[in-house]
A.B. asks: 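Next up is a structure, given as structure tokens.
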Amino acid sequence: MSRKLRVGILGGTGMVGQRFIALLEDHPWFEVTTIAASPRSAGKTYEECVAGRWKMDTPIPESVKKIVVQNVQDVDKVSRDVDFCFSAVDMSKDEIRAIEEAYARTETPVVSNNSAHRWTPDVPMIIPEINPSHSEIIEVQKKRLGTTRGFIAVKPNCSIQSYTPALAAWKEFDPYQVIVSTYQAISGAGKTFADWPEMNGNIIPYIGGEEEKSEKEPLRIFGHIENGVIVPADNIAITSQCIRVPVLYGHTATVFVNFRSDPSKEELVEALRDFSGVPQEIGLPSAPEHFIQYLEEDNRPQVSLDVNFGGGMGVSIGRLRRDSIFDWKFVGLSHNTIRGAAGGGVLCAELLKAQGYITSK
């Protein structure tokens, strides 16, 4: 049996970095061997760095406690002993773009949770069940970077995971207009209620940058590769509002959809339940057996009951019904730090390994 691929976590002390570390404990393909963070964390053990601020429900994995955290800016040193990296660094967008490209140029693939490269024309933004073929753009990117194995791939924003899969499942019915409101958990801001007590019993009707991401990123997911770039879809329009709500985990979406065809409820529900993709077909380790579940009860999906469907990697849809103005409306739910963040990144890396883009150095 070949050895596991050696993984570096860039920004490993933050909430998403912690989630990567928790999810990768006992992973069959990947092993965390290197953790990098800000200069103030460098030189300390990982256990020391996150003491008093470990935000996961499970304990710190024993395998990483004594890893000495490195300075994320020491690109050559950090990349020397890893096969690829997950990126969850907390920097400005310009800084993130620069440092992720620096790692890629060391021939180290980077799978990023950050938004900085989501609109770089030759960087694939992947939901593995929906657009796995977008990885083909990596060959174009490697030519630009001058690399043979180094590249950047990104996962999309957490806010789109609770409704974009439904739209993908309904592609044959040609959805063309969508209104969506997302009700987003505080962990999406890297916070818990201990960190953000003013969110108890509160709603904030603004999340910077989220509405643009919610409206535009699905179009790139549904797009196609042409002349060395990913061209966003132009046959569907999405408008959104994004609201922060007092929930720890789970982004809920209320969605209105118009279709060019006239599907029945039975056809729509069947399409949701039957929808799967490459991760399910080839049995990627983090892939949920069922990507989408449809719930018949009027009071579902609920965060407390459904956010961990498929180990947090599945998407829950409910309350599908006719609308008086649009054709149909529904409610969606996804786990924002698992499917929407680190888990989506891990699944993306598994796909890229299966496709031959991530290999041992």
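Keep in mind the model is a prediction, meaning the values are calculated, not measured.
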A.B. asks: Quick one: pull up CZ in Arg6 and OG in Ser360 and give me the separation to the nearest 0.5 Å.
C.D. replies: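 Here the rounded value is 7.0 Å.
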A.B. asks: So that I can tick it off, tell me whether Asp262 and Arg322 are bridged by a salt bridge, with the cut-off set at under 4.0 angstrom between side-chain N and carboxylate O.
C.D. replies: yes
A.B. asks: Identify each donor-acceptor pair in which a side-chain atom of residues 271-289 lies under 3.5 Å from a protein atom, sequence neighbours left out, and give them as a table.
C.D. replies:
{"unit_1": "Arg273", "atom_1": "NH2", "unit_2": "Tyr294", "atom_2": "O", "d": "3.1"}
{"unit_1": "Arg273", "atom_1": "NH2", "unit_2": "Glu296", "atom_2": "OE2", "d": "3.3"}
{"unit_1": "Gln280", "atom_1": "OE1", "unit_2": "Gly277", "atom_2": "N", "d": "3.0"}
{"unit_1": "Gln280", "atom_1": "NE2", "unit_2": "Glu129", "atom_2": "OE2", "d": "3.1"}
{"unit_1": "Gln280", "atom_1": "NE2", "unit_2": "Pro288", "atom_2": "O", "d": "3.0"}
{"unit_1": "Ser286", "atom_1": "OG", "unit_2": "Glu350", "atom_2": "OE2", "d": "2.6"}

A.B. asks: After noting the C-alpha distance and the side-chain angles of Thr106 and Asp76, does the key distance pass the side chain to side chain contact (heavy atoms under 4.5 Å, CB included) rule?
C.D. replies: CA-CA 7 Å; Thr106 69; Asp76 290 335; 3.7 Å; yes
A.B. asks: Can you confirm whether Val257 sits close enough to Asp327 that some side-chain heavy atom of one is under 4.5 Å from a side-chain heavy atom of the other?
C.D. replies: no
A.B. asks: Drop me the distance from Ile126's CD1 to Ile137's CD1, to the nearest 0.5 angstrom.
C.D. replies: 10.5 Å
A.B. asks: Walk me through whether Ser214 and Ser159 qualify under side chain to side chain donor-acceptor pair (under 3.5 Å).
C.D. replies: CA-CA 6 Å; Ser214 295; Ser159 68; 2.8 Å; yes
A.B. asks: Can you list everything that forms a side chain to side chain donor-acceptor pair (under 3.5 Å) with Gln241? Sequence neighbours excluded, please.
C.D. replies: none
A.B. asks: For residues Ser334 and Gln161, report the shortest heavy-atom separation together with the two atoms involved.
C.D. replies: OG-CB, 3.5 Å
A.B. asks: Can you tell me how far the NE2 atom of His251 sits from the CG atom of Leu333, to the nearest 0.5 Å?
C.D. replies: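 His251 NE2 to Leu333 CG: 10.0 Å, rounded to 0.5 Å.
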A.B. asks: Please check: side-chain N/O of Ser264 versus main-chain N/O of Glu267, any donor-acceptor pairing under 3.5 Å?
C.D. replies: yes
A.B. asks: Show me the pairs that pass ring-ring contact (aromatic ring centres under 6.0 Å, His included) and involve residues 83-120, at least two apart or across chains.
C.D. replies: Phe20-Phe86, Phe30-Phe84, Phe84-Phe86
A.B. asks: To the nearest 0.5 Å, what is the distance between CZ (Arg339) and CG (Asn308)?
C.D. replies: 13.5 Å
A.B. asks: For a side chain to side chain donor-acceptor pair (under 3.5 Å) check, start with the C-alpha distance between Asn114 and Ser87, then their side-chain angles and the critical distance, and finish with the verdict.
C.D. replies: CA-CA 7 Å; Asn114 298 301; Ser87 176; 3.1 Å; yes
A.B. asks: Any idea which heavy atoms bring Gly201 and Pro246 closest together, and the distance?
C.D. replies: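 Distance-wise, the nearest heavy atoms are N-CB, 4.0 Å.
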A.B. asks: Below 4.5 Å, heavy atoms only, C-beta onward: do Thr13 and Gln18 meet side chain to side chain?
C.D. replies: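 Thr13 vs Gln18: side chains apart.
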A.B. asks: Quick check on Lys171: does its NZ atom have over 12 non-hydrogen neighbours (other residues, nucleotides or ligands) under 6.0 Å away?
C.D. replies: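 Check fails, neighbour count at 12 or below.
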A.B. asks: Can you confirm whether more than 12 heavy atoms, excluding those of Asn235, are under 6.0 Å from its CG atom?
C.D. replies: yes
A.B. asks: Are the side chains of Lys329 and Arg321 in touch, meaning some heavy atoms are under 4.5 Å apart?
C.D. replies: yes
A.B. asks: Any ion pair linking Arg149 and Asp83 (charged N to carboxylate O, less than 4.0 Å)?
C.D. replies: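 No salt bridge links Asp83 with Arg149.
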A.B. asks: Dump the intermediate steps for salt bridge (Lys or Arg N to Asp or Glu O under 4.0 Å) on Asp195 and Lys55, then the final yes or no.
C.D. replies: CA-CA 10 Å; Asp195 305 324; Lys55 300 177 187 294; 2.6 Å; yes
A.B. asks: Between Ile317 and Phe256, is there shared hydrophobic-cluster membership here, with clusters defined by ILVMFWY side-chain heavy atoms closer than 4.5 Å?
C.D. replies: no
A.B. asks: Which residue pairs pass the ring-ring contact (aromatic ring centres under 6.0 Å, His included) test with at least one member in residues 140-175, sequence neighbours excluded?
C.D. replies: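 Found Trp170-Phe259, Trp170-Phe330.
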A.B. asks: Distance only, no hydrogens: is a donor on one side chain within 3.5 Å (strictly under) of an acceptor on the other, for Thr45 and Glu47?
C.D. replies: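 Their side chains do not contain a donor-acceptor pair, so the 3.5 Å distance test is not met.
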A.B. asks: May I ask whether Leu145 and Val154 are part of the same hydrophobic cluster, defined by side-chain heavy atoms of I, L, V, M, F, W, Y residues being less than 4.5 angstrom apart, directly or through others?
C.D. replies: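 Unlinked, Leu145 and Val154 end up in two clusters.
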A.B. asks: Mind listing the closest non-hydrogen atom pair of Gly11 and Val89 along with its distance?
C.D. replies: N-CG1, 3.8 Å
A.B. asks: Within a 6.0 Å radius of atom CG on Asp90, are there more than 12 heavy atoms belonging to other residues, nucleotides or ligands?
C.D. replies: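 Counting neighbours around CG of Asp90, 12 or fewer heavy atoms of other residues, nucleotides or ligands fall under 6.0 Å, so no.
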A.B. asks: Please determine if Arg300 and Asp306 form a salt bridge, counting it only when a charged side-chain N lies under 4.0 Å from a carboxylate O.
C.D. replies: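 Salt bridge present between Arg300 and Asp306.
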A.B. asks: Under the 6.0 Å and 45° cation-pi test, does Lys353 pair with Trp29?
C.D. replies: yes
A.B. asks: Test Ser92 against Asp94 for side chain to side chain donor-acceptor pair (under 3.5 Å), laying out the working first.
C.D. replies: CA-CA 5 Å; Ser92 72; Asp94 287 343; 5.5 Å; no
A.B. asks: Do Val178 and Leu167 touch side chain to side chain, with heavy atoms closer than 4.5 Å?
C.D. replies: yes
A.B. asks: Taking the side chain as C-beta and beyond, is there a heavy-atom pair between Ile160 and Lys213 under 4.5 Å?
C.D. replies: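 No, side chains not in contact.
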A.B. asks: By the salt bridge (Lys or Arg N to Asp or Glu O under 4.0 Å) test, which pairs, at least two apart or in different chains, include something from residues 18-34?
C.D. replies: none
A.B. asks: Report whether Leu268 and Phe291 are members of the same hydrophobic cluster (ILVMFWY, side-chain heavy atoms less than 4.5 Å apart, transitive linking).
C.D. replies: yes
A.B. asks: If we only count heavy atoms from C-beta on, is the Glu210 to Arg244 side-chain gap below 4.5 Å?
C.D. replies: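 Not in contact.
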A.B. asks: Dump the intermediate steps for side chain to side chain contact (heavy atoms under 4.5 Å, CB included) on Gln177 and Ile236, then the final yes or no.
C.D. replies: CA-CA 6 Å; Gln177 286 181 328; Ile236 184 171; over 6 Å; no
A.B. asks: Treat each ILVMFWY residue as a node, draw an edge where side-chain heavy atoms are under 4.5 Å apart, and state whether Ile221 and Val315 are in one component.
C.D. replies: yes
A.B. asks: Checking Glu215 side chain against Thr239 main chain: does a donor-acceptor pair fall under 3.5 Å?
C.D. replies: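 No.
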A.B. asks: Closest approach of Arg105 and Thr147, non-hydrogen atoms and distance?
C.D. replies: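 Shortest heavy-atom contact: CA-CG2, 3.8 Å.
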A.B. asks: Check the pair Ser135, Gln355 against side chain to side chain donor-acceptor pair (under 3.5 Å), reporting the backbone distance first and the verdict last.
C.D. replies: CA-CA 9 Å; Ser135 60; Gln355 293 175 327; 2.8 Å; yes
A.B. asks: Filter on salt bridge (Lys or Arg N to Asp or Glu O under 4.0 Å), then keep only pairs touching residues 133-145, sequence neighbours left out; what's left?
C.D. replies: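 The answer is Glu101-Arg144, Asp122-Arg144, Glu139-Lys142.
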A.B. asks: Please determine whether salt bridge (Lys or Arg N to Asp or Glu O under 4.0 Å) holds for the pair Lys361 and Glu107, giving the CA-CA distance in whole Å, both sets of side-chain angles, and the decisive distance to 0.1 Å.
C.D. replies: CA-CA 9 Å; Lys361 280 185 177 176; Glu107 301 293 359; over 6 Å; no
A.B. asks: Is it the case that atom NE2 in His290 sees more than 12 heavy atoms from other parts of the structure closer than 6.0 Å?
C.D. replies: no
A.B. asks: Taking CG in Asp298 as the centre, count heavy atoms belonging to other residues, nucleotides or ligands within less than 6.0 Å. Is the count above 12?
C.D. replies: no
A.B. asks: What is the distance from atom CE of Met125 to atom NE2 of His134, rounded to the nearest 0.5 Å?
C.D. replies: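 Output value for this atom pair is 9.0 Å.
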A.B. asks: Do Thr33 and Asp81 have side-chain heavy atoms sitting under 4.5 Å apart?
C.D. replies: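 Heavy-atom side-chain distance check fails, nothing below 4.5 Å.
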A.B. asks: Under 4.5 Å between any side-chain heavy atoms of Ile138 and Leu352, yes or no?
C.D. replies: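 A side-chain contact exists here, since the closest heavy-atom pair is under 4.5 Å.
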A.B. asks: Taking all non-hydrogen atoms of both residues into account, name the closest pair between Phe193 and Leu248 and its distance.
C.D. replies: CE1-N, 3.9 Å
A.B. asks: When hydrophobic residues are tied together by side-chain contacts of less than 4.5 Å, even through go-betweens, does Val64 share a cluster with Val7?
C.D. replies: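 Yes; Val7 is reachable from Val64 via cluster members.
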A.B. asks: Quick one: NZ on Lys155 to CD on Glu217, what's the gap to the nearest 0.5 Å?
C.D. replies: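 Between Lys155 NZ and Glu217 CD, I get 8.0 Å after rounding to 0.5 Å.
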